[in-house]
Amino acid sequence: MAGNITLTIIKPEAISKNYTGPILNMINQAGFSIAAMKLTKLSSKQAEEFYAVHRDKPFYNDLVEFISSGSIVAAVLEKDNAVEDFRKLIGATNPENAEEGTIRKLYAESLQMNAVHGSDSDENAQIESAFFFARSERADYL
Ligand code: GDP
């Protein structure tokens, strides 16, 4: 169902601060259904692959090290207009610029440790969902 899913990651610093429950609650309250979910940890190699699009950025090595530094929760979220609506719910990449009431405004620590990931396009939502979940791990309706 292209257009109706997005992939989120609750990042290591938010997990270690026990923000998982509050963040998932905000996600449900905003009308998203959880269509797949797991608590896992990325190896450096997996993190490099997930963030390959940022390979040439100056912050790439730090980002890979950070995202593979501890447990994460990955989830596929389902809703009409999922990618755009979820980006609104999480707020700007830099929490200093995030609007009041957004997940990053409430729970992010810094530009890098910004609590959550959200897919930036329908195509990437599909690719990122496949990165984390086998068909048997996703809700039947996906
Ligand atoms: P997003 O789509 O809002 O997550 O932002 P990007 O795709 O541009 O960046 C991916 C992730 O890299 C962000 O969520 C941050 O965790 C991190 N990041 C982005 N820009 C910077 C930066 O300038 N410095 C550092 N250290 N991390 C950054």
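Atoms within each ligand, like the ligands themselves, are counted from 1 in listed order.
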Just to be sure I understand the cut-off, which residues have at least one non-hydrogen atom under 4.0 angstrom from an atom of ligand 1? K11, H54, F59, L63, R87, T93, R104, L111, Q112, N114
Parallel, tilted or perpendicular, judged at 30° and 60°: which one describes the rings of H54 and F59? tilted
Please work out which of the three classes, parallel, tilted or perpendicular, describes the rings of Y107 and Y19, given edges at 30° and 60°. tilted
Within the 4.5 Å heavy-atom criterion, are V73 and I15 side-chain neighbours or not? yes
NZ-CG distance between K79 and L89, expressed to the nearest 0.5 angstrom: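 The NZ atom of K79 sits 9.5 Å away from the CG atom of L89.
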For the atom pair OG (S71) and NZ (K38), what is the distance rounded to the nearest 0.5 Å?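 Going from OG on S71 over to NZ on K38, the span is 13.5 Å.
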Worked verdict on E84 versus K88 for salt bridge (Lys or Arg N to Asp or Glu O under 4.0 Å): CA-CA 6 Å; E84 199 183 328; K88 278 192 201 134; 3.8 Å; yes
